[in-house]
> 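One structure coming up, written as structure tokens, with questions to follow.
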Amino acid sequence: MLTSFPADELYRQADRVRLEAVGNEVHLRGLIEFSNICRNDCLYCGLRRGNEKVKRYHMTEEEIIETATKAAEIGFETIVLQSGEDLYYNTKRMCRIIKEIKKLDVAVTLSIGERSPDEYKAFREAGADRYLMRIETTDRDLYHKLNPGMSWQHRYECLMTIKELGYELGSGIMVGLPGQTIESIADDLMFLKEIGVDMAGIGPFIPHQEPPLANEGGGNLELALRTMAAMRLLMPDINIPATTAMESLHPQGRIMALKAGANVVMPNVTEGEYRKLYALYPGKICVNDTPVHCRSCIGMKIQAIGRTIGKGKGSHRVLKVGSIN
Ligand code: 5AD
Ligand code: FES
């Protein structure tokens, strides 16, 4: 399915399953990239500690809350707070921010990497609803090569803790990593199903211009779309984003994804210079745009393909105990 099955047919099936299981709505999440400081050194990532060419920033608490307020005003009902692993945002600071943003009557998703169980618990108690952390790959050896100093097992345990705490769990992978095999991508999909993700983000790897992976071939859009479509067939009713990395490889990448199984888009609502500085990979889209522009641009694209903008928070677990919707 990932390589030889006709792509068009695979996308059609994923689109049909998406329609049956989650309907025609596309849920929008406003993404705030509040710090590009990171203690890790993931070889693929433009924000890696070792990349000295990046001008580092973190937004102040007030800036983050103001950005979230504006995003809520233009209609976002989920705010995603994403950053590098920046410990300046300790438990106290994060909890203050979460509590303030929750006053806006939005769902709050955190995407701030590996923390202790106590911190995950505190964030949850402060009101965070969802947590997003990609496993990146289930090939342990590849993971350890690409993420020096990190432990796959530890990341897995973080995901389990997050799930036990009652967060909606988002995870995912990159496709096309150097040394990654098709078999291991198939294992990744089975892993995401096994741990019961509520959301699965699948994006192509895009080589950064800075060493050490600058000269590697990147992932291709077709393999990423195929993987995403297969994910939809495996887990019909979860949330699946049309990822920014897909659109960075093709001007219609997110629309192609929405027609091949995706039902979520995460427009960037970060303001000003910060948008440019959060450079995970080269060619990232929308770095010179504004939140209002991106919201209306993607809104029009979604409507142009006959889909509607989701109303409500777009939770996966609407029917389950502990629902937030
Ligand atoms: N290409 C594509 N995706 C990347 N990410 C990090 N670096 C790259 C890259 N070079 C993804 C990782 C991470 C998410 C925030 O961005 O999967 O979890
Ligand atoms: Fe921080 Fe990659 S170096 S996420």
Side-chain angles (χ1 to χ4, degrees), residues 29 31-51 53-54 80-86 109-115 130-139 142-143 145-148 150 152 154-156 158-159 162 169-180 184-185 188 191-192 197 199-221 223-225 227-228 231 240-250 253-254 257 264 266-268 270 275 277-287:
R29 325 292 200 197
L31 175 67
I32 305 178
E33 300 160 330
F34 68 90
S35 165
N36 70 354
I37 296 171
C38 191
R39 62 175 163 162
N40 293 328
D41 211 26
C42 316
L43 302 190
Y44 45 78
C45 181
L47 306 184
R48 61 194 290 264
R49 186 184 67 213
N51 185 358
K53 297 209 175 138
V54 186
V80 183
L81 297 174
Q82 188 175 84
S83 68
E85 290 200 3
D86 178 359
T109 304
L110 300 180
S111 178
I112 60 174
E114 296 180 26
R115 295 283 179 121
R130 305 177 185 143
Y131 206 101
L132 206 60
M133 186 162 64
R134 288 187 178 172
I135 193 71
E136 314 294 2
T137 172
T138 54
D139 178 336
L142 180 60
Y143 183 89
K145 253 187 237 155
L146 294 176
N147 302 276
M150 294 175 77
W152 189 92
H154 184 256
R155 198 166 185 83
Y156 169 72
C158 287
L159 291 175
I162 290 165
L169 176 64
S171 191
I173 58 161
M174 276 180 287
V175 168
L177 290 166
Q180 188 183 39
S184 90
I185 296 173
D188 296 346
F191 171 84
L192 295 171
V197 290
M199 191 269 226
I202 290 160
F205 160 63
I206 302 174
H208 206 272
Q209 64 269 43
E210 293 300 320
L213 300 185
N215 299 320
E216 295 289 341
N220 65 55
L221 181 61
L223 185 57
L225 286 170
T227 306
M228 189 203 70
M231 186 79 241
I240 299 186
T243 55
T244 307
M246 288 177 173
E247 188 121 332
S248 301
L249 289 186
H250 188 291
R254 287 180 301 179
V264 168
M266 296 168 57
N268 191 343
T270 317
R275 276 170 103 88
L277 297 178
Y278 200 84
L280 296 168
Y281 47 81
K284 196 161 153 258
I285 54 164
C286 309
V287 289

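Quick note: residue numbers are just sequence positions, from 1. Remember, it's 1-based here, ligands and their atoms both numbered in the order they're listed. Just so it is clear, the structure is predicted and the values come from calculations on it, not from any experiment.
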> Is Pro204 near ligand 1, meaning one of its heavy atoms is under 4.0 Å from it?
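Yes.
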> Check for a donor-acceptor pair, side chain of Asn268 on one end and backbone N or O of Thr270 on the other, with a separation under 3.5 Å.
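The answer is yes, because a donor-acceptor pair under 3.5 Å joins these two groups.
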> Is it the case that ligand 1 has an N or O less than 3.5 angstrom from some N or O of Arg134?
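Yes - when backbone and side-chain N and O of Arg134 are compared with those of ligand 1, one distance drops under 3.5 Å.
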> Are more than 12 heavy atoms from other residues, nucleotides or ligands located less than 6.0 Å from atom OH of Tyr156?
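12 or below, so no.
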> For His208 and ligand 1, answer yes if some heavy atom of the residue is under 4.0 Å from a ligand atom, otherwise no.
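Contact check His208 vs ligand 1: negative.
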> Out of Thr137, Thr138, Ile173, which residue meets the side chain to side chain contact (heavy atoms under 4.5 Å, CB included) rule with Ile185?
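By the side chain to side chain contact (heavy atoms under 4.5 Å, CB included) criterion, Ile185 pairs with just one of Thr137, Thr138, Ile173: Ile173.
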> Testing Val175, Ile206, Leu225 one by one against Met246 for a side chain to side chain contact (heavy atoms under 4.5 Å, CB included), which residue passes?
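Of the listed options, the one satisfying the test is Leu225.
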> Could you go through Ser35 and Asp86, starting from their C-alpha distance and side-chain angles, then the distance that decides it, and tell me whether this counts as side chain to side chain donor-acceptor pair (under 3.5 Å)?
CA-CA 7 Å; Ser35 165; Asp86 178 359; 2.6 Å; yes
> At a non-hydrogen distance cut-off of under 4.0 Å, which region of Glu136 contacts ligand 1 (side chain, backbone, both, or neither)?
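Under 4.0 Å from ligand 1, Glu136 contributes side-chain atoms alone.
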> Between Leu43, Ile206, Leu177, Leu249, flag the one that comes closest to atom 9 (C) of ligand 1 by a heavy atom.
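Shortest heavy-atom distance from atom 9 (C) of ligand 1: Ile206.
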> Among Gln82, Met174, Lys284, which one has a heavy atom closest to atom 5 (N) of ligand 1?
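Nearest option to atom 5 (N) of ligand 1, by heavy atoms: Met174.
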